[in-house]
Each structure stands twice: as structure tokens, then as C-alpha cells.
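In what follows, a single structure is set out as C-alpha cells and then discussed.
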Amino acid sequence: MRPLKLTEAIKNEIMEDFRKKLDKVNLSSSSLSYQYSMTSLKYDKDKRASIEFSVQAYVKTILYLTFCDKEVGWYGLIQRGEADNYFYVSDIFLYPQTVTAASVRSPQNEFADWQDGFDAEEFEKLRFFCHSHANMSTTPSSYDLEVQQEITNQLSGDQFYVFMIMNKQHDFWAK
């Protein structure tokens with residue numbers, strides 16, 4: 001799985017690469033430029049995440065996709081299993097939202113009030129966000145990527161978040 005943030009191991013890997021590049025620097029130049037491609041990171045690219053849904057969470061998901069003619073978004077209670085790449089979605093919840101054919105937005109105050117309805121244990125598990133792209137491709141939009149970045153910027157340590165986009169054809173994209 002690809003990490004969402006720079007871990008100490010990744011920082012060390014980049015620093016080692018930088019040190020190797022420094023050994024080859026020609027001092028006749030007045031500047032130094034360094035670039036590191038994140039695609040070179042050494043992580044287990046074949047270790048895909050496995051996401052299992054409870055019957056209740058799966059039924060709700062299919063109902064939302066089937067009966068909402070526009071986009072719709074929902075959050076879910078998710079836990080990591082014994083294996084780092086296994087996740088279990090136990091339940092999902094609609095949140096206050098305004099939808100159009102191509103977007104889902106939530107009024108900040110209403111969303112905050114909605115979040116306050118979860119107890120501390122549930123709130124800690126509220127780390128699954130899914131929305132539909134109705135009859136469009138599940139490729140994330142620039143807004144989707146922006147929201148994902150905002151959320152992951154708030155994570156620390158070994159915290160995780162799972163994002164998913166689905167459509168009426170039951171195609172999906174997950175990160």
C-alpha cells in the first residue's frame with residue numbers, strides 16, 4: 001500500500017538519495033537543484049488494500065447508488081484489521097449535503113453538528129468517505145483530490161483514511 005504521508009523510513013530513503021546526489025555535485029555551478037520522484041519510493045506496490053463491508057453497510061451503499069439520481073456522499077465506520085492492508089466497513093451514514101449532478105457539498109456548520117452526534121469511539125472510526133459519480137467515470141476530480149489532501153493533512157502517526165468513488169455501473173476507485 002502507498003503511504004499517505006512521509007514516514008521516517010521514507011524521509012530516510014529520500015535523504016539517502018539526496019546524499020548520493022550531493023556526492024556528484026560539481027561546485028563550479030552557483031546553484032544546486034534536487035528533485036525526487038515519489039514514484040521511486042520503495043513500498044510494497046503489490047500489497048493492495050482489501051476492504052470488506054458488513055451486509056448493512058453494503059446494502060446502504062447499493063441503495064444510495066441506486067436511488068439517488070444525482071451524486072451522493074456518505075461516511076463510514078471503518079477499522080483496520082490484523083493485517084495492515086485489511087479494512088472493515090461496519091456501517092455508513094449520510095451526512096448533511098447539497099448535491100447536484102456533478103458535486104456534493106456540505107454546509108460547514110451542519111456538518112460539524114452532524115459529526116458531534118458520534119461518540120468518541122465512533123468518531124475515531126469515521127475514516128471512510130465515499131461518494132458517487134452517478135453516471136460518470138470514477139476518476140477523482142481536482143476537487144475530490146483537494147478534499148482528500150485536506151483530510152490526509154490532518155492525520156498523524158499511523159492514522160489512515162479510505163476514500164472511495166463509485167458509480168451506478170458499480171465501478172469504483174479507492175485510495
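Only heavy atoms go into these numbers, but all of them, side chains included; no hydrogens, no water, no symmetry mates.
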Task: Any donor-acceptor N/O pair, Thr138 side chain to Ile165 backbone, under 3.5 Å - done: no
Open item on the list: Please say yes or no: joined through hydrophobic side-chain contacts below 4.5 Å, possibly via intermediate residues, are Val99 and Tyr143 part of one cluster?
Closed with: yes
TODO: Kindly work out whether a path of hydrophobic side-chain contacts (I/L/V/M/F/W/Y, heavy atoms less than 4.5 Å apart) joins Val59 to Tyr88.
DONE: no
- [ ] Answer with yes or no after comparing the ring centroid distance for Phe172 and His170 against a 6.0 Å cut-off, counting only values under it.
- [x] no
- [ ] Check the angle between the aromatic planes of Tyr58 and Phe53 and answer parallel, tilted or perpendicular using the 30° and 60° thresholds.
- [x] perpendicular
Open item on the list: Can you tell me which residue among Leu77, Val162, Asp91 is in a side-chain contact (heavy atoms from CB on, under 4.5 Å) with Phe128?
Closed with: Val162
Task: Ala174 to Met164 - nearest heavy-atom pair and separation - done: CB-CE, 4.1 Å
TODO: Identify the heavy atoms of Gln154 and Gln159 that sit nearest to each other, and give their distance.
DONE: O-OE1, 4.1 Å
Open item on the list: Could you work out, with ring-ring contact (aromatic ring centres under 6.0 Å, His included) as the rule, every residue matching Phe111, not counting sequence neighbours?
Closed with: Tyr75, Tyr95, Trp114
Task: Asp144 and His131: CA distance, side-chain angles, deciding distance, side-chain hydrogen bond (donor to acceptor under 3.5 Å, both in side chains) verdict - done: CA-CA 10 Å; Asp144 293 335; His131 73 279; 3.2 Å; yes
- [ ] Could you check Lys21 against Asp17 for salt bridge (Lys or Arg N to Asp or Glu O under 4.0 Å), going step by step and ending with a plain yes or no?
- [x] CA-CA 6 Å; Lys21 297 285 194 283; Asp17 182 73; 3.5 Å; yes
Task: Sidechain-backbone polar pair: Lys168 side chain, Leu65 backbone, donor-acceptor under 3.5 Å - done: yes
Task: Over all atoms of both residues, closest heavy-atom pair of Ser54 and Ala57 - done: OG-N, 3.0 Å
Open item on the list: Quick check against the 3.5 Å criterion: does Asn167 have a side-chain atom that pairs as donor or acceptor with the backbone of His133?
Closed with: no
TODO: Of all the heavy-atom pairs spanning Ser106 and Pro96, show the shortest one and how long it is.
DONE: OG-O, 2.7 Å
Task: Lys/Arg cation over aromatic Phe93: Lys60, 6.0 Å, 45° cone - done: yes
- [ ] Examine the side chains of Gln149 and Asn153 and answer whether a donor and an acceptor come within less than 3.5 Å of each other.
- [x] yes
